[in-house]
Amino acid sequence: MKISKSRFMIYMGLLLIACFALIFSLPYINNNYHISFILISLLFLLITGFFILKKNIVLFDPMVIFSAYYYTVVISGIYLIFTNFETSIFFLNTSMSHHPLKLFNYSLFYFIVGYLSALIGYLCFIRKNKEIKITFENKSKIPDSILNLFIAAFLIIGIINFAYMIFVFAGGDIFTYMQNIALRKYEIIEKGGTTLGYWFAFVAMYLWFFKLLRKRSISLLFLLFLVITAMMKASEGRILQTIVYISSFVVIYYYYDVTKNEKVHNIKYYIGFLFFGILGVGIYFLRILSSLSANNKLGGYSMDILFTAFLRNISFFAIDKGNIPHIPILMQIIDKWEADIGFLYGQSLLKPFLAILPTSIRPEVVGYSLGLTIKETWYTGIQSGGLPPTAVGDWYANFGALGPFIGMFMFGAFCAWLYNLLLKTGSYWVLVIYSQILIGFILIYAKGELMNFSLWYVLPVVFTVTLIKCLIYVSSDYKKICH
């Protein structure tokens, strides 16, 4: 990464200002948290330094998106200092064998190490000065007639599956069906049913988007079906996957925009992601309502009162409930993982490959889902789902103290490899896969685990495109024989 002299001087000025600000602010911070506050400030300056020193910011570059989300570690750390952990349900409902403050500082240190290791891994392998140019196969290679066939067939399969689920679980009432999203997983286990057909509709939308971008036009009909398929995603009760699905189209369009225009105004994409953030909060609120309704705990309160209460406690839901990097969980991993569970020595690296298998034939692997392992080992008394270990916690659980150094370096190298692949091929289909991995794994890895990397981001697209190209090849050979 080339560093211009002017940017370097700006960063040096920021460091100087930060040092003075730190000196003047420390007297107002609880004495117990002075080291913690210095570590948080250091992490903030490292991330900010990346953005200042990087000459050309590509909005959906893997390290840019990863770094932007990593700021939430800073937010979480500051929140815990100023609340003195008094609202952290996962801290208050467990015991630690080492002093919590010491574990807090170790956790912050590992977050710094993790970020630096990922950045070094990325910079070691990223290709320099590569032009962004996404290409679309012309109609002679992928005819509209073939695309139309697959789009129509796949959408019909997906929508029939959606209609079937609505009738089975809600008697044909789509509002009731969407209201019960918190129970969807349990309903499917109890009554049967499947959402596998939804994937056909999702892939159909990527095929349709390819066709429209090749023609340089977006139709209202496409946007309508995008909303319908987004509802299908949301109906599964998976907030993240809904955001990943919708956001992937924004990422794809961004690279199309960069290819088409010399200068791209990022402000519209910032606004778009602000909208997706608000959408995520909205879906999360509806999922909480769904859960409360299923357990008869709404108490007769009106929607506006419940939503106001939700917004007043947004910091609790975002930070204390672990919807951004969960520092108390990492503290517990550092404190007790080796004694209570034992290091995994790479077993969790198999998770992305095992997750595609049905549970009936999936082999037993210790820590298959670290989030569930953490929940079942230490927090059975707290009502919640799986508790993500954070990226550095993921690697600490595998290899101990050296894990965050090695693992996060490998993560950074993977980000570089994936981005290099996109730039080298310039393929729309690689971009579709890249966009999903970027939002569904790389963006949130700071708070997540390797389980977030799903082969479902890869295989449906690969199989469909392979099938299309085989069909085109066979039909062209048949035409040659006939002539």
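- No side-chain donor-acceptor contact under 3.5 Å links Lys260 to the backbone of Val258.
- For residues 100-135, every residue pair satisfying the ring pair (Phe, Tyr, Trp, His ring centres under 6.0 Å) rule, not counting sequence neighbours, is listed here: Tyr70-Tyr115, Phe85-Phe104, Tyr110-Tyr396.
- The cationic group of Lys233 lies under 6.0 Å from the six-membered ring centre of Trp199 and within 45° of the ring axis, placing it in a cation-pi geometry.
- Contact of the Val462 side chain with the Trp429 side chain is not registered, since no non-hydrogen atoms from C-beta on lie closer than 4.5 Å.
- Taking the six-membered ring for Trp and the full ring otherwise, the centers of Tyr33 and Phe37 sit at least 6.0 Å from each other.
- In this structure, the ring of Phe66 has its center less than 6.0 angstrom from the ring center of Phe411.
- Looking at Trp378 and Asp340, their side chains do bring a donor and an acceptor atom within 3.5 Å of each other.
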Are Ser435 and Phe60 close enough, and set up right, to give a side-chain contact (heavy atoms from CB on, under 4.5 Å), and what steps lead you there? CA-CA 9 Å; Ser435 65; Phe60 295 113; over 6 Å; no
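- A donor-acceptor contact shorter than 3.5 Å links the side chain of Asp335 to the backbone of Ser97.
- Aromatic ring centres of Phe90 and Tyr379 lie closer together than 6.0 Å.
- For the residue pair Tyr79/Thr87, the side-chain donor-acceptor check at 3.5 Å is satisfied.
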Going through the distances and angles, do Ile439 and Ser248 end up as a side-chain contact (heavy atoms from CB on, under 4.5 Å)? CA-CA 7 Å; Ile439 306 299; Ser248 66; 5.8 Å; no
